[in-house]
**Q** 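Before anything else, here's the structure in question.
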Amino acid sequence: MLKQLRPALVMIVVFTVLTGLAYPLAMTGIAGMLFPKQAAGSLVTENGKVIGSRLIGQNFTSDRYFHGRPSATTGADPSDPSKSIPEPYNAANSGGSNLGPSNPALIARVKGDMDKLKAENPGQPVPIDLVTTSGSGLDPDISPAAAYFQVPRVAKARGMSENDLHDLVAQNVQQPVFGVIGEPHVNVLALNRALDALAKK
């Protein structure tokens, strides 16, 4: 029995070291050398301070900024840790709401968002990504249509020209990789940083 058990145990140890330790460390080291920013989390810094990541959305709520998709992530209730409360873009608790399309709570939330957006930009169709959450709840990007839809609100709140903001959105549209992988999209954090820079001018 020991004859059969010994090779099995040796193989477990060898492959655990190779695939569980050596390979991940080697890949992490190579990624850090070839793509240092991406390997560190694609962090965005301003004046030496980390203000976010290009990979995780932020909860912009002011009319002076472009907003991302709704987020269904939650966090612990400070007054009762056994309960959870809405905490948009909580990277420690990625996930969707799991509410089905016939759920009254989801219908009420989407209807409320639609009414607010229609009042914000009357006569324009509301882009679907402005009322639907992503599966992760952390999506940092919106469609170009969702960004253009918000231009009148942001222009009014900042006293800026809609044409200038339209051009700003166009400059921040990221095209599909190699022209075929993915869809055109706008990173909300990058757009809002460009907006602040334009406002300062």
Side-chain angles (χ1 to χ4, degrees), residues 1-60 66-78 80-101 103 106 128-144 146-147 171-194:
M1 181 176 162
L2 201 58
K3 246 184 180 179
Q4 288 86 20
L5 197 57
R6 186 176 170 197
L9 291 173
V10 169
M11 292 306 287
I12 286 173
V13 171
V14 168
F15 278 104
T16 298
V17 170
L18 282 176
T19 61
L21 190 63
Y23 179 76
L25 286 174
M27 290 301 103
T28 302
I30 291 169
M33 284 188 296
L34 296 178
F35 310 103
K37 274 191 155 184
Q38 292 87 337
S42 298
L43 300 177
V44 177
T45 58
E46 197 169 272
N47 300 324
K49 182 182 175 187
V50 175
I51 60 167
S53 167
R54 289 187 59 82
L55 306 176
I56 298 175
Q58 294 188 9
N59 192 29
F60 290 100
F66 290 90
H67 301 168
R69 295 182 71 167
S71 172
T73 58
T74 59
D77 187 339
D80 185 357
S82 67
K83 295 179 181 175
S84 61
I85 56 172
E87 197 174 292
Y89 297 102
N90 177 6
N93 195 19
S94 171
S97 69
N98 293 329
L99 299 178
N103 187 289
L106 178 64
I128 191 137
D129 54 326
L130 287 181
V131 294
T132 57
T133 62
S134 65
S136 69
L138 305 176
D139 197 342
D141 304 320
I142 55 175
S143 65
Q171 291 163 17
N172 281 273
V173 173
Q174 298 174 36
Q175 296 302 326
V177 179
F178 304 122
V180 293
I181 301 173
E183 295 287 330
H185 59 279
V186 178
N187 185 280
V188 179
L189 178 57
L191 177 60
N192 282 331
R193 292 186 75 212

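Since we're looking at a predicted model, the values are computed, not measured.
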**Q** Check step by step if side-chain contact (heavy atoms from CB on, under 4.5 Å) holds for Thr132 and Arg69.
**A** CA-CA 7 Å; Thr132 57; Arg69 295 182 71 167; 3.1 Å; yes
**Q** Going from OG on Ser134 to CG on Asp129, what distance comes out if it is rounded to the nearest 0.5 angstrom?
**A** 10.0 Å
**Q** State, to 0.1 Å, how close His67 and Phe60 come at their nearest heavy-atom pair, and which atoms those are.
**A** CD2-O, 3.2 Å
**Q** What pairs of residues pass the salt bridge (Lys or Arg N to Asp or Glu O under 4.0 Å) test when at least one of them lies in residues 41-53, not counting sequence neighbours?
**A** Glu46-Arg193
**Q** Between Val44 and Arg54, does a side-chain contact (heavy atoms from CB on, under 4.5 Å) hold up when you go through it step by step?
**A** CA-CA 7 Å; Val44 177; Arg54 289 187 59 82; 3.7 Å; yes
**Q** Counting only pairs under 3.5 Å, give me each side-chain donor-acceptor contact of residues 4-17, with atom names and distances, residues two or more places apart or in other chains.
**A**
residue, atom, partner, partner atom, Å
Gln4, OE1, Met1, N, 3.4
Thr16, OG1, Ile12, O, 2.6

**Q** Please report the closest heavy-atom contact between Gly96 and Ala72, naming both atoms and the distance.
**A** C-CB, 4.0 Å
**Q** Is the backbone N or O of Phe66 less than 3.5 Å from a side-chain atom of Asn192, with the two atoms forming a donor-acceptor pair by type?
**A** yes
**Q** Grab the two heavy atoms, one from Ser71 and one from Tyr89, that are nearest each other, plus how far apart they are.
**A** OG-N, 2.9 Å
**Q** Mind listing the closest non-hydrogen atom pair of Gly100 and Leu106 along with its distance?
**A** O-CD2, 3.4 Å
**Q** Looking only at atom types and distance, does a side-chain atom of Thr73 sit under 3.5 Å from a main-chain N or O of Asn93, one as donor and one as acceptor?
**A** no
**Q** Suppose we screen for side-chain contact (heavy atoms from CB on, under 4.5 Å). Which residues come up paired with Glu87, at least two apart in sequence or across chains?
**A** Asn90
**Q** Can you check whether Ser143 reaches Ile128 side chain to side chain, under 4.5 Å on heavy atoms?
**A** no
**Q** How far apart are the closest heavy atoms of Gly68 and Leu130, and which atoms are they?
**A** O-CD2, 4.3 Å
**Q** Is there side-chain contact between Pro140 and Ile56, with heavy atoms separated by less than 4.5 Å?
**A** no
**Q** Looking only at heavy atoms, which two atoms of Pro144 and Pro184 are closest? And how far apart?
**A** CD-O, 3.4 Å
**Q** Rounded to the nearest 0.5 Å, how far does CG of Leu138 lie from CG of Leu55?
**A** 10.0 Å
**Q** Just verifying a value: how many Å separate Asn172 CG and Asn187 CG, rounded to the nearest 0.5 Å?
**A** 8.5 Å
**Q** For the OG1 atom of Thr45 and the CD1 atom of Ile51, what is their distance to the nearest 0.5 Å?
**A** 7.5 Å
